[in-house]
Student: 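I'd like to ask you about the structure that follows.
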Amino acid sequence: MSAIERMCGEGYEFVYPDGLHVLSAADLESFHVKWHLPETATVASPRLESPAKAFWVWGFKQWDSYHGLRETIVSLRDLCKREKFDGVIGFSQGAALGSLICAMLERPHVYPEFLIDGEPPQPPMRFGVFMSGIQLGASSVAAVYDGHKIQTPCLLLAAANDIVAHPRQFNIFPMLFEHSKAVLHDRGHNVPSGPKWQKLIADYIRDSCPPIRLESTTYRRSRVDDSTMWQARL
């Protein structure tokens, strides 16, 4: 992400919220079973942290159970209230969560806990960039997607060799959005690197939100990433 930040230039600020939930050995085992990964599998991610954290944890053999998701949503609601963001960038678990936040800002009354004193924490996002994303399957947030396509313009990147967010999601995830640009790359489950992909993302951000050249004004940018859910070497 540092290269993308440099390409965006002055007038942009990126904020990186961490996951709230520290992963245990049992959580990592659950992850292996869910995605049918071999014990030697290594899944790349943009940052390495210890201990590993996540925005939610799947229940063991209960894949519709997203433990900790509510707490994460409330935490991000409060962050949006304090900071006010123009866009959200997410990878993997963060892409799923970022798209949910976009949807909730468009229809906040569908999920009452996202409201503060009866109002959304901020206006809808102006853009999203989501890599290796999937739709959240939690029943608690199903109504957010029901009969509604996300109106926030989004750039969607999927990987042909992704062993976690299967490439078939390339045909499913974009269906959540009314205005999206979907691109398939030949990498695995990671943020695509190299000047071509970095420029694609940076240009999309700049085109969506041209910087305001005022000394006292700085756009705030937020990336909701997977916060090491897929950064651990499994």
Side-chain angles (χ1 to χ4, degrees), residues 1-22 45-56 68-106 108 113-116 119-133 136 150 152-157 190-193 197-231:
M1 286 298 299
S2 58
I4 294 172
E5 289 189 35
R6 290 194 299 271
M7 289 182 179
C8 285
E10 296 181 358
Y12 296 85
E13 181 178 356
F14 292 74
V15 179
Y16 298 89
D18 280 324
L20 300 179
H21 309 289
V22 177
S45 188
R47 296 189 295 162
L48 290 176
E49 291 180 351
S50 182
K53 297 179 181 180
F55 288 123
W56 69 81
L69 178 60
R70 174 190 169 277
E71 292 82 357
T72 291
I73 292 172
V74 170
S75 174
L76 292 176
R77 176 203 67 186
D78 294 344
L79 177 64
C80 288
K81 178 66 175 180
R82 293 193 305 270
E83 303 286 356
K84 301 293 189 299
F85 298 99
D86 296 296
V88 56
I89 305 172
F91 164 72
S92 193
Q93 198 184 56
L97 182 58
S99 63
L100 177 67
I101 295 301
C102 286
M104 284 184 168
L105 286 172
E106 294 175 9
E113 284 192 86
F114 198 62
L115 299 171
I116 299 177
E119 298 294 332
Q122 69 158 67
M125 295 291 181
R126 297 174 63 183
F127 74 91
V129 178
F130 302 126
M131 296 160 277
S132 295
L136 279 173
I150 298 170
T152 303
C154 293
L155 173 65
L156 311 177
L157 290 92
N190 48 30
V191 175
S193 60
W197 300 107
Q198 292 161 353
K199 184 177 185 301
L200 175 68
I201 295 171
D203 286 350
Y204 190 85
I205 295 171
R206 291 181 60 84
D207 290 344
S208 300
C209 284
I212 297 175
R213 298 300 182 183
L214 296 177
E215 185 176 350
S216 61
T217 302
T218 300
Y219 272 126
R220 300 188 68 82
R221 306 295 183 214
S222 172
R223 180 189 73 178
V224 177
D225 71 1
D226 71 297
S227 199
T228 75
M229 179 64 179
W230 285 280
Q231 291 171 21

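Since the structure is predicted, the reported quantities are computational estimates derived from the model, not experimental observations.
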Student: Do the non-hydrogen side-chain atoms of Phe130 and Val88 ever get within less than 4.5 Å of each other?
Tutor: yes
Student: Specify the closest pair of heavy atoms between Ile150 and Cys102, including all atoms of both residues, with the distance to one decimal.
Tutor: CG2-CB, 4.1 Å
Student: Ser193: what forms a side-chain hydrogen bond (donor to acceptor under 3.5 Å, both in side chains) with it, not counting sequence neighbours?
Tutor: Arg187
Student: Main chain of Cys154, side chain of Tyr204: is a donor-acceptor contact present, judged purely on distance under 3.5 Å?
Tutor: yes
Student: Between Leu155 and Ile205, is there a side-chain heavy-atom distance shorter than 4.5 Å?
Tutor: no
Student: Which distance, rounded to the nearest 0.5 Å, do you find between the CE of Met7 and the CG of Leu200?
Tutor: 10.5 Å
Student: Please find the pair of heavy atoms, one from Leu105 and one from Gln122, that lie closest to each other, and give the distance.
Tutor: CD2-O, 3.5 Å
Student: Side-chain donor-acceptor contacts of residues 75-82 below 3.5 Å, not counting sequence neighbours, with atom names and distances?
Tutor:
unit_1: Arg77; atom_1: NH1; unit_2: Glu113; atom_2: O; d: 2.7

Student: Run the side-chain hydrogen bond (donor to acceptor under 3.5 Å, both in side chains) test against Glu106 and tell me which residues pass, sequence neighbours left out.
Tutor: His148, Thr152
Student: Starting at CD of Gln198, measure out to OG of Ser2 and round the result to the nearest 0.5 Å.
Tutor: 7.5 Å
Student: To the nearest 0.5 Å, what is the distance between CH2 on Trp56 and CD on Gln93?
Tutor: 4.0 Å
Student: Taking only residues two or more places apart in sequence or in another chain, which ones pass side-chain hydrogen bond (donor to acceptor under 3.5 Å, both in side chains) with Ser132?
Tutor: Asp162
Student: Please enumerate all residues that pass side-chain hydrogen bond (donor to acceptor under 3.5 Å, both in side chains) together with Lys199, with sequence neighbours excluded.
Tutor: Asp203
Student: For Met1 versus Tyr16, what's the shortest heavy-atom pair and its separation?
Tutor: CB-OH, 3.5 Å
Student: Is Arg126 reaching over with its side chain to a backbone N or O of Gly87, donor-acceptor style, under 3.5 angstrom?
Tutor: no
Student: Could you measure the distance from the CZ atom of Phe127 to the CD1 atom of Ile89? Nearest 0.5 Å is fine.
Tutor: 5.0 Å
Student: Would you say that Phe55 contacts Leu100 through its side chain, given a criterion of any heavy-atom pair below 4.5 Å between the two side chains?
Tutor: no
Student: Counting C-beta onward and ignoring hydrogens, is there a side-chain heavy-atom pair between Glu5 and Tyr12 closer than 4.5 Å?
Tutor: no
